[in-house]
Protein chains: 2
Amino acid sequence: MTDARTPPHDGPESRFLSGYDPHAFAPAAVTVDVVALTIRPEGDAGEDGARRAGTPHVLLTRRAAHPQRGWWALPGGFVRAEDGPDGPADPDLPDAALRVLSEKTRLPTELHLEQLGTYGARGRDPRMRVFSVAHMLLAPDLPDPHSGRDTEEAAWVPWSGLGLGLGEDTRADRDLAFDHGRIIADAVERARSKLEYTALATAFLPSAFTITALREVYQAVWGRTLHAANFHRKILATPGFVEDTGELAEHGGPGGGRRARLYRAGGAALLHPPLLRSTQ
Amino acid sequence: MTDARTPPHDGPESRFLSGYDPHAFAPAAVTVDVVALTIRPEGDAGEDGARRAGTPHVLLTRRAAHPQRGWWALPGGFVRAEDGPDGPADPDLPDAALRVLSEKTRLPTELHLEQLGTYGARGRDPRMRVFSVAHMLLAPDLPDPHSGRDTEEAAWVPWSGLGLGLGEDTRADRDLAFDHGRIIADAVERARSKLEYTALATAFLPSAFTITALREVYQAVWGRTLHAANFHRKILATPGFVEDTGELAEHGGPGGGRRARLYRAGGAALLHPPLLRSTQ
DNA sequence: TCAAAAGTGTTGTTCTTACACCCATGA
DNA sequence: TCATGGGTGTAAGAACAACACTTTTGA
């Protein structure tokens, strides 16, 4: 690829650049927002207390500063475009996303980060024109967050209660700042869809996991139960999805049960064939 | 959703905003780039001259201004963040993408525009930190482009020759400005992948089309021939992909052949089941 | 010893694929 | 009338879904 090589006309170009005033443009700010998704053991839905398979959560913060002080929002912040008093410039957008997230929670060693999209409608921030590059981060069970600069409070919030249409009663949405409700909805839909045709589900799990744990990720994200036996076979029949570690889980199930084999993520990024959720 | 509603603490918030200086941030520019894809009748690959089913093309321009003057680049330009002497602000990113593209070619009435992603690595533009929001636009056979402001030349360029790994010999890549080679590669991969599980292929076709024309879109984008009879059946078996217009094509094939039935795009956005390209 | 969970067998159904064949049209 | 492309029939094989069943573990 031809990434920012020296252009063919060097003389005029360097003369042009030296006379260039970067402040001549209308002010616009670029921020990163991170939709951090994880699966935590107990949600708010403990129907009978019997089986707690984990429910999906998103990391939210309460804004301590204007604008929209006191509202729940995604962790985010301005991209450092150039070196300055606050610190060195962010080399690229993923670096900025990890930097702002590390102010809210400890980052796991293994994580999946991808860009979701950029939101730049006029009027979405009352201060000025803001372009927010949203990212989605998937990680295994993360610890409780800590408050940071500009943040009163940070918490893992279950997807239920955010009105994402997973079949739960769409109760009492929290008030989300800016257009962060839409960004979270886009992230959740992206995650649900990518579970079908990529090996993304392993990003929610530690380095060694059982097929049942993998199935519980699918069930939590899709909000639907899957046939355990057929799921097991299908995962093992998909080349490169998982590979056997040769070890067994420490214990069987909580109320008895065979010890499950442990697998690690395989090399495949795309699943052939995909695990379709279409057929009810 | 809670899009930029009035925040709960109104008094302090408005006092905060009136004292806010938007120029306090480090300068960063936001641009839009458009990867416009279309399928044009004759490419550069006329192997035996017999059948010309159309080849995929991308719209490129030659930069008339610094930086990287003289290099081929995607049509693009700065987002108008606020109203100014050049014109009114772009309400949202898609508006900006259509505006910069309309300076290069006539926009069709029906088109598909979606955001690809934002590219913001340090050093990708020598002038300043630039964040480019790339878009992908699919449209039926578009006319020849016209040159515009800041542009010497604009042309439809076949994907082959850009080194996108479709099996053609990766010959003589054109020199593409900035990281536009990577952006085009990402767009092409996105298009190839979305043809599998969405009804996106119809965006390359006029409002009424034959199943064979639809198959030729798949063949052109995937660079592979498909079984005509089974493709036909599978399209009709996929709910909501196409719907019958009740009419027939004007003519049969160029060398004889039955007149094909005409279809229009159905309402479905996602295909169930998808048209997988995995199995060779 | 019993219930729970892991994992395998099996069978009927659906989907895919390849090939054959008929239909309609232009040269 | 003959070659070409549109469209349907059909049957073998692969994949899928549902259910039964064995194995292993915790209580």
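Reckoned from all heavy atoms, side chains included, excluding hydrogens, waters and symmetry mates.
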Review point. So, A:Thr118 side chain and B:Val133 main chain: donor-acceptor pair closer than 3.5 Å or not?
Key: no
Check your understanding: Salt bridge between B:Glu114 and B:Arg190, side-chain N to carboxylate O under 4.0 Å?
Key -> yes
Check your understanding: Rounded to the nearest Å, what distance is computed from the CG atom of residue A:Asp244 to the P atom of nucleotide C:dA6?
Key -> 15 Å
Review point. Could you run down nucleotides 19-27 of chain D 5' to 3' and tag each one B, S or - for protein heavy-atom contact under 4.0 Å?
Key: B---BBBSS
Practice item. Verify the neighbour count for atom CD of B:Glu110: are there more than 12 heavy atoms of other residues, nucleotides or ligands below 6.0 Å? Key: no
Check your understanding: Do A:Asp144 and A:Arg106 meet the salt-bridge criterion of a basic N to acidic O distance under 4.0 Å?
Key -> no
Check your understanding: Does a salt bridge link A:Glu247 with A:Arg261, judged by any charged N lying under 4.0 Å from a carboxylate O?
Key -> no
**Study point:** Value in whole Å for how far the C1' atom of C:dG7 lies from CG of A:Leu214
**Key:** 15 Å
Point to revise | Centroid-centroid under 6.0 Å between B:Tyr263 and B:Phe209 rings | key: no
Exercise for review: Please state how far atom CD in B:Glu196 lies from atom C1' in C:dT16, giving the value in whole angstrom units.
Suggested key: 16 Å
Practice item. Mind running a 4.0 Å heavy-atom check of residues 235-243 of chain A against DNA chain C and sending the residues that fall below it, in number order? Key: none
**Study point:** Spacing of B:Ile183 atom CD1 and B:Leu176 atom CG [to the nearest 0.5 Å]
**Key:** 10.0 Å
